[in-house]
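Since the structure comes first, as structure tokens, the remarks are kept for the end.
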Number of protein chains: 4
Amino acid sequence: MGRKRAFTEDELLDTAESLIVQHGYSSFHLKLLASHLPGARSTIYQYYANKEEVAAAVMKRAMVRALVKAGSVDEKDPIKALQQLLRVYMEEADLHYFLGDARKVDVAQSKKAAQNVNEVLSMLKHLRGQLDRIFDAAQKQGTIRSDIPVFVLASLFFQLINTPNTLQLPPHEWADYLFALWYEGSGAH
Amino acid sequence: MGRKRAFTEDELLDTAESLIVQHGYSSFHLKLLASHLPGARSTIYQYYANKEEVAAAVMKRAMVRALVKAGSVDEKDPIKALQQLLRVYMEEADLHYFLGDARKVDVAQSKKAAQNVNEVLSMLKHLRGQLDRIFDAAQKQGTIRSDIPVFVLASLFFQLINTPNTLQLPPHEWADYLFALWYEGSGAH
Amino acid sequence: MGRKRAFTEDELLDTAESLIVQHGYSSFHLKLLASHLPGARSTIYQYYANKEEVAAAVMKRAMVRALVKAGSVDEKDPIKALQQLLRVYMEEADLHYFLGDARKVDVAQSKKAAQNVNEVLSMLKHLRGQLDRIFDAAQKQGTIRSDIPVFVLASLFFQLINTPNTLQLPPHEWADYLFALWYEGSGAH
Amino acid sequence: MGRKRAFTEDELLDTAESLIVQHGYSSFHLKLLASHLPGARSTIYQYYANKEEVAAAVMKRAMVRALVKAGSVDEKDPIKALQQLLRVYMEEADLHYFLGDARKVDVAQSKKAAQNVNEVLSMLKHLRGQLDRIFDAAQKQGTIRSDIPVFVLASLFFQLINTPNTLQLPPHEWADYLFALWYEGSGAH
DNA sequence: GATGAATGAGATTTCATTCAT
DNA sequence: AATGAATGAAATCTCATTCAT
């Protein structure tokens, strides 16, 4: 029956993900990772050939999760779509920590890492495309203001995702508050 | 007396600040810093004992700058005060790269770093205090909406500062766009 | 499982001990240690975080050895006990190179080192306690002179242990010579 | 009237001597030395070309002091001479810290250091010669015991110098106690 | 003469990766 | 498959010494 399985690939990726989010990509070490896993450091190499591949796999996995969820959003009504998307992104908040770091991964060492990083970047483009599409639709429909450039509206929308949920409200509730503020403003009506 | 300095303390901190902003705190090394300064790497050690001390000094300096500017904001009219504060913060946008990282600085190695990080955190509290005061006043005045908890309004406001000015608009213009959105919302009226 | 160890922990400590004795604590480096062990310098860091931890471990081990032997000395007859103790200490002559240096170990870097140094110092107190007890008994018995304060007698006795056995006599013989001199004096009777 | 004199050569050597005694030769740094002197580190080079020369000068100075004092000891009565010598050595206790370290000085860098170290070693031989002479005389005179080899007697005598004066008695008093013990023994007569 | 500053060589330490059981 | 151990390359830091004001 062999040796006990030290940790599964998913445990590895979960742990790595939370470490990258906490410490940032460039402070992420396999030594650190191993110290948060049940098995030995060298066991990591059973799954991934090097540090970069681990990071790329983490990023890709998070991206895929977001893509799947975002893909199921109904784009008919742009405003409702944006609200739903905000919920999705809120649930996948880690994504934001990775966006900037994906380009930092030293891809020269490993084909597999390079491949994954590329997929991450193209999924990212895909998500941005969806957002652009919805914003365009909303503008045509006249449901978002037109006196301010769309990209400013979009930038702020994107920024919402990062807003730290300091009081630990349920993600949906938090997302809906922020959406209301984004759409209606903070001023008294 | 003594040789001419290869770089001033301010040049060092300017360079370090821009590197931390570009690469993030966790990718910031003294090797990197040295490569962007005239002179040898070991010269940095004449002034700072390690990366942590440099980073803490950079953060403190930025914080002091912001504190001074924020202190001169007239709080009479809360809404105008918020608009002015947003401009201030926008000019000191680097601040935001540091806020999250200040707690990541490994303070165990160096007393000087620990001291500076503490000052940074207490200045941060001071800024939050100002913000809370203004929000309270605005609420009493009835100029911000009351159907959503104040801390949500404040969180989003705080987040505005982070919104990357991707199109490199002049900071004031950018700040005023964001303020309008924050106050009036992105929806069409 | 795992590769065969390049050296055991005991080999490491033996080597370190002999180097500290030869060169003194302050000349002792991990580079030096590595050059007297098979394998790479970095291997030492698998077991000890720095020179201080190695030194503290060496000192503790020597102290424990001495404590065990000294504990088995029969204290009934104080003079015989002192003679036996001197033999013990002579066999564990390295101890003396450490006693003075234990306080020099820079304990700030490493908890493990601090812990071990503390244990060394408390074992040292224990040994002094035994010595004091025996000297008291001898004085009550009237077998040591009383015209000179006991602590002077004890200090000199303690110093005997340090007396370098320059001619490399067998430790027992050397110990007995010194004991005779300590007890009877160097003068002609 | 020029710049204020930062420190005199004697202040430099005094400070260096106490540091070498405290920390041992191999932990002795010019950085450390400078931090215990009023002036700048580079000023040390006005007096000595390098670290080794400083150390050698410290050792030589201490040796000369001892030699002068020991030279004025009247050797007529060997026993009295030994008692006087013990006082001298007690006053110059630092000597012992240097004896072992003199050979550690890296003499390859500096002729002056090499020269000084050689003088130190030859003065040391001179002192040993005096001691041997006195012991021989005492033995011929029959005032020291002959059942134990002279070198054992001498070793113990030499060791007396190191005996830590824990209770901080005046050096003379301490020396005389130890001499009495060395000569008459610790046993009750 | 005194010194503040610069600097390279070397010491120390960390970590990704490989190896052998 | 899992892992304890080894290791070299690189990062970090210290210090003796030189330089220029």
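To find a chain, count down the sequence lines: A is the first, B the second, and so on, and within it residues start at 1.
Looking only at distances, a side-chain donor or acceptor of A:E11 sits under 3.5 Å from a matching main-chain atom of A:T8.
Both tests pass for C:K51 against the ring of C:Y25: distance under 6.0 Å to the centre and angle within 45° of the axis.
Taking 4.0 angstrom as the limit, C:K31 places a side-chain polar atom (N or O) nearer than this to OP1 or OP2 of E:dA11. Between A:H29 and the phosphate of E:dT14, there is no side-chain N or O to OP1/OP2 separation shorter than 4.0 Å. Proximity of B:S42 to the phosphate of E:dG8: no side-chain N or O atom is located under 4.0 Å from OP1 or OP2.
Residue-to-nucleotide proximity on DNA chain F shows that, of B:Q109 and A:P38, the 5′-proximal contact is made by A:P38. Residue whose closest nucleotide on DNA chain E sits further toward the 5' end, between C:K4 and A:R41: A:R41. Of the two residues contacting DNA chain E, namely A:Y45 and C:N50, the nearest-nucleotide position lying further toward the 5' end is that of C:N50.
In this structure, A:R65 pairs ionically with A:E17, as a charged nitrogen and a carboxylate oxygen lie closer than 4.0 Å. A salt bridge between D:R61 and D:D14 is present, with a side-chain N of the basic residue lying under 4.0 Å from a carboxylate O of the acidic one.
Base pairing annotation: E:dA11 forms a Watson-Crick or G-U wobble pair with F:dT12, both donor-acceptor distances under 3.5 Å. Pair assignment for E:dA20: F:dT3, on the basis of Watson-Crick or G-U wobble contacts that are both within less than 3.5 Å.
Annotation: side chain of C:H23 is not in contact with side chain of C:H29 (no heavy-atom distance under 4.5 Å).
Regarding B:L32, its CG atom lies at a distance of 11 Å from the P atom of F:dA11, rounded to whole Å. Rounding to whole angstrom units, CD1 of residue C:I44 and P of E:dT14 are separated by 13 Å. The distance from atom CG of D:L30 to atom C1' of E:dG4 is 17 Å, rounded to the nearest whole Å. As rounded to whole Å, 16 Å separates atom P of F:dA1 from atom CG of A:L12. Per the geometry, OH belonging to C:Y48 stands 18 Å off P belonging to E:dT12, to the nearest Å. The NE2 atom of A:H23 sits 16 Å away from the C1' atom of E:dC15 (whole-angstrom rounding). A:K51 places its NZ atom 12 Å from the C1' atom of F:dA10, with the value rounded to the nearest Å. Atom-to-atom, CD of D:E53 to P of F:dA16 comes out at 15 Å; the value is rounded to the nearest Å.
Backbone-only contact: B:Y47 has heavy atoms under 4.0 Å from sugar-phosphate atoms and none from a base.
Between the side chain of C:R5 and the base of F:dA6 there is no donor-acceptor pair of N/O atoms closer than 3.5 Å. You'll find a donor-acceptor pair under 3.5 Å spanning the side chain of A:Q46 and the base of F:dA2, going by distance alone.
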